[in-house]
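Step one of this worksheet: look at the structure below.
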Protein chains: 2
Amino acid sequence: MSDVKDDALKIVNYAIRKSLPDEAVRAYLERNPLPAGRVILIAIGKAAWNMAKAAKDVLGKRVAFGIVITKYEHSRGSIDGIEIYEAGHPVPDQRTLTATERVLQITKDLRSHDTVLFLVSGGGSSLFEKPKGLTVNQLQEITEKLLKCGANIVEINTVRKHLSLVKGGRFAQHVYPARVVSLLLSDVLGDRPDSIASGPAYPDSTTCSEAFNILKRYGIEIDENIKSALSEETPKRLRNVETHVVGSVRIACEKAAEVAGKLGYNAIVLTTSLNCEAKEAGKFLASLVREEVFYNRPIRKPCAIIMGGETTVHVIGTGKGGRNQELALSASIGIRGLANVVVASVGTDGTDGPTDAAGGIVDGRTYDILKDMNIDVEETLKNNDSYSALWLCDGLVITGPTGTNVNDLILALIK
Amino acid sequence: MSDVKDDALKIVNYAIRKSLPDEAVRAYLERNPLPAGRVILIAIGKAAWNMAKAAKDVLGKRVAFGIVITKYEHSRGSIDGIEIYEAGHPVPDQRTLTATERVLQITKDLRSHDTVLFLVSGGGSSLFEKPKGLTVNQLQEITEKLLKCGANIVEINTVRKHLSLVKGGRFAQHVYPARVVSLLLSDVLGDRPDSIASGPAYPDSTTCSEAFNILKRYGIEIDENIKSALSEETPKRLRNVETHVVGSVRIACEKAAEVAGKLGYNAIVLTTSLNCEAKEAGKFLASLVREEVFYNRPIRKPCAIIMGGETTVHVIGTGKGGRNQELALSASIGIRGLANVVVASVGTDGTDGPTDAAGGIVDGRTYDILKDMNIDVEETLKNNDSYSALWLCDGLVITGPTGTNVNDLILALIK
């Protein structure tokens with residue numbers, strides 16, 4: 001394995017390790033002690049168990065009591081002093097309501113010197129819900145109607161926040177006068193705290209009249225109960241809340257840049273919201289690599305170009321692969337023949353498409369190694385068969401499931 | 001017009017002006033006087049007339065004699081002391097051979113204190129040719145066979161250079177012991193002097209045995225004459241030649257960065273060989289703009305992100321547009337709602353697809369302005385109808401034919 005490839009894998013692994021839910025929570029809590037007083041631990045989302053376990057490990061007996069609500073089969077056993085619930089995702093179910101009710105019950109009579117440590121990860125929106133003025137089925141119905149009419153996700157969430165007793169900042173209102181320290185693990189590009197799990201502990205920027213107008217625009221009729229529920233504003237300010245994103249693709253990119261710097265590369269983070277077609281992102285990135293190799297810009301070599309996001313793949317072929325593998329394989333065309341360059345693209349969750357690989361890694365020889373085996377890279381990409389090709393040239397990155405998901409990390413090293 | 005949009009158009013116009021063939025030649029010659037002695041001016045390519053005129057204007061009576069070979073209808077009248085020929089492009093014809101023969105004739109008995117000022121622009125490969133050991137028709141036949149068998153352009157040029165008396169450095173050999181000062185206007189990404197017009201005055205890096213192997217690989221039979229022609233090496237070193245790329249997308253990008261700096265923007269050139277799908281390049285660029293707006297990186301605002309290249313478009317719709325207009329319109333999705341940002345993409349030749357526009361320019365309001373007119377940007381892009389949409393929102397850049405072609409210039413300004 002070349003030095004540069006070795007470095008690339010080191011950087012990717014470090015960034016993923018620093019993005020693990022437990023590591024992210026532990027690092028935060030160790031550096032930022034919670035205020036004195038009792039701690040009530042509430043964790044929701046797909047990574048809730050891991051985040052809660054890490055918090056409990058750091059805080060020990062300071063945690064008075066707590067609740068974890070995670071997806072079915074995502075709990076890993078008991079945690080001392082914590083009730084653990086599993087519930088429906090992506091569609092909320094009866095267990096969601098039961099568990100949420102229990103959270104509201106134990107956080108009802110808190111005092112100003114209590115701290116709710118609120119740990120939020122992806123999936124929290126479905127796992128933490130109590131509809132306001134309607135049944136969970138009615139809520140589901142309205143959501144589906146909005147989707148059918150072409151409403152976008154921002155419009156749908158505006159309506160849903162106003163029809164919930166926990167979303168849109170209302171959970172924070174409920175626990176008042178207790179403080180809320182909210183630690184977020186974001187799987188949403190852009191890290192907007194009001195969109196992660198629909199922001200139960202974050203001031204809502206949308207209004208009742210916006211919610212009404214959206215329902216009107218799409219011609220969705222509502223009964224008096226819902227009308228009345230919709231007439232009450234979500235909180236626009238929350239004085240008892242502080243919010244920290246402890247894990248996200250942005251942080252993963254910054255961690256990658258940090259370790260790349262330690263390895264001697266001039267590192268830049270170009271974007272943390274890449275969202276174009278994987279194959280084309282690979283071509284684009286290859287053109288950046290060429291600019292570095294031939295003209296030593298935009299930053300001086302040796303350098304690391306770091307990007308985060310989630311690319312897309314329009315599957316037209318019958319092959320096996322994933323967006324990260326396609327990005328890497330596609331980049332191999334544009335960096336063909338160049339020495340001391342590597343391009344890697346990796347899903348931080350360890351899973352890329354329906355494969356056992358997390359992503360792909362290529363260098364200037366990849367294209368010709370495959371050509372010598374009679375593999376045509378362009379044709380392989382047309383058939384969405386990146387896995388098979390990368391397998392043949394030692395170009396797969398295999399990590400196994402990592403336990404986190406902060407989107408994808410894309411990296412080019414030029415030495 | 002907003003300040004930022006105004007700045008973007010200033011930058012694009014400046015970069016194009018500095019890339020005009022006459023401007024590029026004039027600027028070079030004024031700063032770099034030719035060695036003493038007679039000057040013989042030979043200009044080939046689509047911009048040959050403009051380049052020759054500028055050189056003659058600067059050098060005046062120092063030009064002893066000269067020849068222009070350009071494409072039909074590309075001459076703009078007589079130039080004192082210069083013979084002007086028009087010939088076939090993209091397929092060489094009898095006029096190509098006649099004009100080339102005339103060039104070889106007048107440059108036959110030059111002396112060591114003579115300087116051949118060799119002005120080369122796109123199309124030169126077809127406009128300057130004398131086959132070696134075969135007729136022009138036979139040469140055409142071999143080229144077509146190679147294309148049919150799937151040979152790539154590098155392979156085809158390797159064969160062609162060895163079957164030519166002017167390509168692959170042989171023209172420079174012919175004029176020896178005279179010096180050659182070669183000024184190139186490049187329409188090829190990467191600016192490789194041996195690929196612009198097949199490098200008549202540049203050492204050839206390909207060999208006879210490579211040429212033989214390519215013909216063998218694709219099963220193309222050749223007669224004894226051709227075999228014998230192919231057995232003579234092209235020059236690998238040329239001591240009488242100096243080569244300067246005076247115009248190219250790389251230089252256009254650098255000129256854009258220069259003027260952006262003067263206007264107060266921190267400018268970076270990210271790539272000068274962008275070659276992915278236009279729509280996806282627009283998405284990618286928008287993600288870079290967002291990173292600047294939200295996280296002020298990779299360089300500090302106010303900043304200019306500059307790219308050069310030639311994107312592609314897979315036409316699937318029935319609309320009207322071009323690659324630059326698609327790139328810009330696509331970027332409008334990802335920069336929607338952002339203040340003080342502009343994305344522009346412009347063909348330096350002033351023509352983008354089958355339209356009268358050179359490209360497109362969008363900002364954070366473009367998407368919603370179109371939405372208010374019931375124009376769905378995503379649908380418009382699916383129908384390849386960028387021209388119509390940009391026309392409605394003052395998003396077309398119209399320059400008219402500029403007289404140069406150094407590919408496309410893509411620019412994002414973030415204030």
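Per chain, numbering begins at 1; letters A, B, ... match sequence-line order. Here the structure is a predicted model, which means the values were calculated and not measured.
- Across all their heavy atoms, C276(B) and F284(A) have their closest contact at SG-CD1, 4.0 Å.
- A side chain to side chain contact (heavy atoms under 4.5 Å, CB included) with S287(A) is found for one member of L274(B), L270(B), L189(B) and no other, namely L274(B).
- Heavy-atom neighbours of R192(A) CZ from other residues, nucleotides or ligands within 6.0 Å: at or below the threshold of 12.
- Side-chain contact check for I268(B) versus R297(A): every heavy-atom pair is 4.5 Å or farther apart.
- Shown here is K236(B), whose NZ atom has more than 12 heavy atoms of other residues, nucleotides or ligands within 6.0 Å.
- Within a 6.0 Å sphere centred on CZ of R336(B), heavy atoms belonging to other residues, nucleotides or ligands number more than 12.
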Q. Could you walk me through whether S273(A) and E291(B) pass the side-chain hydrogen bond (donor to acceptor under 3.5 Å, both in side chains) check?
A. CA-CA 8 Å; S273(A) 65; E291(B) 198 69 18; 5.0 Å; no

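- Of the listed residues (E280(A), K283(A), M307(A)), the greatest number of heavy-atom pairs within a distance under 4.5 Å of chain B belongs to E280(A).
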